[in-house]
> 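The following block contains the structure, expressed as structure tokens.
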Amino acid sequence: MDEAARGLLGVLLVREGDGGRRVGRIVEVEAYAGPEDRASHARFGPRSRAAAMFGPPGIAYVYGVYGMHTCLNVVVGPAGRGAAVLLRGIEPLEGVVRMRAGRLARAVASRRVAAADPAAEAARIARLPAERLAAGPANLAAAFGVDRGDDGCDLLDPAGPLRLEADGIGAPRLEIRATARIGVAYAGPGWADRPWRFVASRPLAPSPQA
DNA sequence: ACTCAGATTAGCT
DNA sequence: GCTAATCTGAGTA
């Protein structure tokens, strides 16, 4: 379970089409187990909005939250298990311009921003450093243009418009830190505090002494 | 049928 | 730090 989550660190997420190719390296994830995990959407069962979680490994589970945000998960483990990994952070490698456009598209879709000052929002996003564009689960989804239409799609299909790819060079050297998952206090002791959030430092440069 | 809370984010005190 | 924004779906508060 947590092995699958750690294994996704360093993997590339690729979005083709929709105005350009976007590629980034996964640097932050959270593991969610099946129905027994009180923090997991799988607890609502295979007929709930989280139905995709019970599908075969490698498909996407996309959900909306807080009325405005979208998050992307990768189903892991055997079909029927209900386990998935939430993608929380990506380091952009290619298509940064398209990622900014994706962020802006989401912002403009918000009544608040549309009514207030779209131009100021556009300027704010234009100033964001690339590494912030896909930091945070909802920002990541916006940057890669992921919406609920992507729910259930096969992320392992090499020809798919949204997919995972192994890094051709091989796994980069990563320093991985484990912490409790974010925003799941409601799950209670034993689940809320489980250290299933994994954050990779930026791929380590060849260390000076090695 | 209705209510409430949510795997979040950004902006302000 | 605190709170508003905004809407779907789960549980009936």
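Every chain is numbered from 1, with letters handed out A, B, ... down the list of sequences.
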> Using a cut-off of strictly less than 4.0 Å, decide whether A:Arg88 has a side-chain nitrogen or oxygen near OP1 or OP2 of B:dT8.
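Looking at the OP1 and OP2 atoms of B:dT8, one of them is under 4.0 Å from a side-chain N or O of A:Arg88.
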> State, to 0.1 Å, how close A:Met53 and A:Ala33 come at their nearest heavy-atom pair, and which atoms those are.
CE-O, 4.3 Å
> Counting distance alone, no hydrogens or angles: does the base of B:dA7 have a donor or acceptor under 3.5 Å from a partner atom on the side chain of A:Tyr63?
yes
> How far, in whole Å, is C:dA4 from B:dC4 if one measures between their P atoms?
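Per the computed distance, 16 Å lies between those P atoms.
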> Searching all strands shown, indicate the nucleotide that pairs with B:dC4 (Watson-Crick or G-U wobble; both distances under 3.5 Å).
C:dG9
> In whole angstrom, give the distance that lies between atom OH of A:Tyr61 and atom C1' of C:dT8.
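Distance, rounded to whole Å: 11 Å.
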> If you look at every strand shown and take non-hydrogen atoms under 4.0 Å, does A:Arg148 touch a base, only sugar-phosphate, or nothing?
sugar-phosphate
> Which listed nucleotide (C:dA10, C:dA5, B:dT9) is nearest to the side chain of A:Ala138?
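Closest of the options to the side chain of A:Ala138: B:dT9.
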> Which of these nucleotides, B:dT9, B:dA10, C:dA5, is closest to any side-chain atom of A:Arg124?
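When the side chain of A:Arg124 is considered, B:dA10 is the closest of B:dT9, B:dA10, C:dA5.
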> Please state the P separation for the pair B:dA5 and C:dT3 - nearest whole angstrom.
15 Å
> Is the closest basic N to carboxylate O distance between A:Asp151 and A:Arg49 below 4.0 Å?
no
> Identify which nucleotide among C:dA10, B:dA7, C:dA5 has an atom closest to any side-chain atom of A:Phe44, counting heavy atoms from C-beta outward.
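Nearest to the side chain of A:Phe44 among the choices is C:dA10.
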> Does A:Tyr32 offer a backbone N or O that forms a donor-acceptor pair with the side chain of A:Asp37 under 3.5 Å?
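No, A:Asp37 side chain to A:Tyr32 backbone: no donor-acceptor pair under 3.5 Å.
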> Between A:Glu30 and A:Arg181 (salt bridge meaning N to carboxylate O under 4.0 Å), is one present in this structure?
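The answer is no: the pair does not qualify as a salt bridge.
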> Please report the distance, rounded to the nearest Å, between CD1 in A:Ile182 and P in B:dA7.
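A:Ile182 atom CD1 is separated from B:dA7 atom P by 13 Å.
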> In terms of the nearest nucleotide of DNA chain B, which residue is placed more toward the 5' end: A:Gly183 or A:Glu121?
A:Gly183
> Quickly work out the A:Asp151 CG to C:dT8 P distance and round it to whole Å.
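Between P of C:dT8 and CG of A:Asp151: 15 Å.
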> Which part of the nucleic acid does A:Gly64 contact within heavy-atom distance under 4.0 Å: base, sugar-phosphate only, or nothing?
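Touches nothing.
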> Taking the C1' atom of each, how far is C:dG9 from C:dA13, in whole Å?
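Their C1' atoms lie roughly 15 Å apart.
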> Thinking salt bridges, do A:Glu94 and A:Arg25 make one under a 4.0 Å N-O criterion?
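No.
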> Quick one: is A:Arg49 getting a side-chain N or O under 4.0 Å of the B:dG6 phosphate, OP1 or OP2?
no
> Which one, B:dT8, B:dA7, B:dA10, comes nearest to the side chain of A:Ser40?
B:dA7
> Closest to the A:Leu86 side chain: B:dT9, B:dG11, B:dA7?
B:dA7
> Could you pull out the closest heavy-atom pair between A:Leu86 and A:Leu72, with the gap in Å?
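Between these two residues, the closest heavy atoms are CD1-O, 3.6 Å.
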> Counting only side-chain N and O atoms of A:Arg111, is one of them less than 4.0 Å from OP1 or OP2 of C:dC7?
yes
> Let me know the distance between CG of A:Leu128 and C1' of B:dA10, rounded to the nearest Å.
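A:Leu128 atom CG is separated from B:dA10 atom C1' by 11 Å.
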> By the 4.0 Å heavy-atom rule, please label A:Arg112 as base, sugar-phosphate, or nothing.
sugar-phosphate
> Would you kindly give the CG-to-P distance between A:Leu133 and B:dT9, to the nearest whole Å?
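My rounded result for the distance is 13 Å.
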> Can you check whether A:Tyr186 has a side-chain N or O nearer than 4.0 Å to OP1 or OP2 of B:dA7?
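A:Tyr186 to B:dA7 OP1/OP2: side-chain N or O found under 4.0 Å.
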> Is A:His69 near enough to B:dT9 that one of its side-chain N or O atoms lies under 4.0 angstrom from OP1 or OP2?
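A:His69 to B:dT9 OP1/OP2: no side-chain N or O under 4.0 Å.
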> Quick one: A:Arg132 CZ to B:dA10 P, roughly how many Å, whole number?
7 Å
> Check this for me: A:Arg43, atom CZ, are more than 12 non-hydrogen atoms of other residues, nucleotides or ligands nearer than 6.0 Å?
yes
> Which part of the nucleic acid, if any, lies within contact of A:Asn73, taking any heavy atom under 4.0 Å across all strands shown: a base, the sugar-phosphate backbone alone, or nothing?
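Here A:Asn73 touches the bases of the nucleic acid.
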> Rounded to whole angstrom units, what separation is found between the CZ atom of A:Arg106 and the P atom of C:dC7?
14 Å
> Which whole-number value in Å describes the distance from A:Arg43 CZ to C:dA10 C1'?
9 Å
> Please name the nucleotide paired to C:dG1 by Watson-Crick or G-U wobble geometry with both distances under 3.5 Å, or report none.
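B:dC12 - that is the nucleotide pairing with C:dG1, both distances being under 3.5 Å.
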